Amino acid sequence: MSPDAAARQARARLAALARPAGDFDASRYFRGAADLQFHNVGMAAVRRLAREIVEARRDDWTIEEAMACAEILIDDSVLEVKAVAVEIVARFHREFAPRWLARWKAWLATNRSANWATTDAICGVLIGPLLRRRPDLVPSVASWARHRNLWVRRAAAVSLVGLARRGQALDAAYAVARALHRDQADLIQKAVGWLLREAGKTDMARLERYLRAHGPTIPRTSVRYAIERFPPPRRRALLVATKPASA
């Protein structure tokens, strides 16, 4: 089956699974994303479908075909269709190579990711695994922190979360955080806080030094995310120490 045919099949199967918003209404997590639509099927169904599509073509497809299929699906206005695009490519992680990084960045820079969930999935299961294999690409991704596009800037932080959690690429993580502290977008401030929190898991002392040194310039949203794993007394002390002078 061609990538085009596989994309049509994926759309049809997701549409057949669609259910009206009820107890699970995905749209409530995406306020302001007016153009985004939802099938409300959940990620378990998305991953199962992606796995079935890939397993049926394992003997015929390489990452080239997977990316061709994903290029079609990522343009869809339905969240779960975008998710299947990312999950299909993720199943070819052994074939990830630096040349794919520009294609994934293009999904972000041209607003084809279109929302935080798809952006974070691209970071978590595509860019992150590539960076673990090729740490020499970390500076390139870190430089995205100064990009004009919101999703590319968020990806600069979220793509490093997995490495930071392992105590790797910490210099890059803190450099990205510093570059993004002036960003007014809530989605960026939350991503920075997430990155800092993960960086602190293996070196909490370094995170505390960083927060005390830069705290007044860090948005409060970022600070609150960053200090979540500190004991309550230290959280309270850091909230005071990082408070802007004018607040």
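Please read all numbers here as calculations on a predicted model, not as lab measurements. These values consider heavy atoms only, across backbone and side chains, with no hydrogens, waters or symmetry-generated copies.
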- Without swapping roles, check the side chain of Arg91 against the backbone of Val54 for a donor-acceptor pair under 3.5 Å. no
- Note on the structure: What one should report as the nearest heavy-atom pair of Ala66 and Val89 is O-CG2, 3.9 Å
- Item | Student check: side-chain heavy atoms of Val78 and Leu14 closer than 4.5 Å | no
- Message: On a heavy-atom basis, which atom in Trp194 and which in Arg154 lie closest, and how many Å separate them?
- Response: CZ3-NH2, 4.4 Å
- Message: For Arg146, I'd like to know if atom CZ has over 12 heavy atoms of other residues, nucleotides or ligands within 6.0 Å.
- Response: no
- Query: Does the pair Leu101 and Val141 meet the rule for a side chain to side chain contact (heavy atoms under 4.5 Å, CB included), with working shown?
  - Reply: CA-CA 9 Å; Leu101 186 60; Val141 173; 4.0 Å; yes
- Item | Residue pair Val192 / Ala177: nearest heavy atoms and the distance that separates them | CG1-CB, 4.0 Å
- Side chains of Ile227 and Leu239 in contact at under 4.5 Å (non-hydrogen atoms): yes
- Query: Between Glu71 and Trp107, do the side chains contain an N or O donor and an N or O acceptor separated by less than 3.5 Å?
  - Reply: yes
- Gap separating the CG atom of Leu108 from the SG atom of Cys123, nearest 0.5 angstrom: 6.0 Å
- Item | For the student: nearest non-hydrogen atoms of Ser143 and Ser140, plus distance | OG-O, 2.5 Å
- Task: Ignoring hydrogens and angles, tell me if any N or O in the side chain of Arg153 forms a donor-acceptor pair with the backbone of Arg148 under 3.5 Å.
- Result: yes
- Query: After noting the C-alpha distance and the side-chain angles of Phe92 and Arg58, does the key distance pass the side chain to side chain contact (heavy atoms under 4.5 Å, CB included) rule?
  - Reply: CA-CA 10 Å; Phe92 290 84; Arg58 183 63 75 179; 3.9 Å; yes
- Query: Is there a side-chain contact between Ile74 and Val86 (heavy atoms, below 4.5 Å)?
  - Reply: yes
- Item | Pair Lys201 + Glu228, salt bridge at N-O below 4.0 Å | no
- Please answer whether the main-chain N or O of Asp76 pairs with a side-chain N or O of Lys82 as donor and acceptor at a distance below 3.5 Å. yes
- Are the side chain of Arg166 and the backbone of Gly162 linked by a donor-acceptor contact shorter than 3.5 Å? yes
- Message: Checking the side chain of Glu208 only, and the main-chain atoms of Ala205 only, is there a donor and an acceptor separated by less than 3.5 Å?
- Response: no
- Would Ile72 end up clustered with Leu36 when hydrophobic side chains under 4.5 Å apart are linked, directly or stepwise? no
- Message: Whether the Thr242 and Arg220 side chains hold a donor-acceptor pair (N or O, under 3.5 Å, no angle test) is what I'd like checked.
- Response: yes
- Is a side-chain N or O of Gln184 found less than 3.5 angstrom from the main chain of Arg182, in a donor-acceptor match? yes
- Item | Rounded distance [0.5 Å steps], CG in Leu126 versus OG in Ser159 | 9.5 Å
- Message: Can you confirm if the aromatic rings of Trp104 and Phe96 lie within a centre distance of less than 6.0 Å?
- Response: yes
- Query: Short question: side chain of His147, backbone of Asn149 - any donor-acceptor pair under 3.5 Å?
  - Reply: yes
- Does any non-hydrogen side-chain atom of Val176 lie less than 4.5 Å from one of Trp144? no
- Check: Leu17 and His39 side chains under 4.5 Å, non-hydrogen atoms: no
- Taking only residues two or more places apart in sequence or in another chain, which ones pass side-chain contact (heavy atoms from CB on, under 4.5 Å) with Pro219? His181, Gln189, Ser222
- Task: Identify the heavy atoms of Val138 and Ala169 that sit nearest to each other, and give their distance.
- Result: CG1-CB, 4.2 Å
- May I ask you to decide if Leu195's main-chain N or O and Arg165's side chain share a donor-acceptor pair within less than 3.5 Å? no
- Message: Closer than 4.0 angstrom, basic N to acidic O: yes or no for Asp186 and Lys190?
- Response: yes
- Query: Is it true that the NZ or CZ of Arg103 lies under 6.0 Å from the centre of Trp100's six-membered ring and within 45 degrees of the ring axis?
  - Reply: no
- Task: Verify the ring-centre separation between Trp116 and Tyr29: is it less than 6.0 angstrom?
- Result: no
- Message: If we ignore hydrogens and angles and just use 3.5 Å, is the side chain of Arg229 paired with the main-chain N or O of Met204 as donor and acceptor?
- Response: no
- Item | Pairwise distance CZ(Arg57) to CD(Glu52) - rounded to 0.5 angstrom | 10.0 Å
- Task: Go through the side-chain N and O atoms of Ser113 and Thr119 and say whether any donor and acceptor fall under 3.5 Å apart.
- Result: yes
- Would you call the rings of His214 and Tyr210 parallel, tilted or perpendicular if under 30° counts as parallel and over 60° as perpendicular? tilted
- Item | Which atom of Trp61 lies closest to which atom of Cys69, heavy atoms considered | CH2-CB, 3.9 Å
- Task: Give, for atom CD of Glu198 and atom CG of Leu207, the distance between the pair rounded to the nearest 0.5 Å.
- Result: 10.5 Å
- Message: With rounding to the nearest 0.5 angstrom, report the CZ to CG distance, Arg132 to Leu137.
- Response: 13.0 Å
- Taking Asp203 for its side chain and Arg206 for its backbone only, find out whether a donor-acceptor pair lies under 3.5 Å. yes
- Message: Please report the interatomic distance CD1(Ile88) to CZ(Arg51), rounded to the nearest 0.5 Å.
- Response: 12.5 Å
- Task: Decide whether Val161 and Tyr225 are clustered together by the hydrophobic rule: side chain heavy atoms of Ile, Leu, Val, Met, Phe, Trp, Tyr closer than 4.5 Å, transitively.
- Result: no
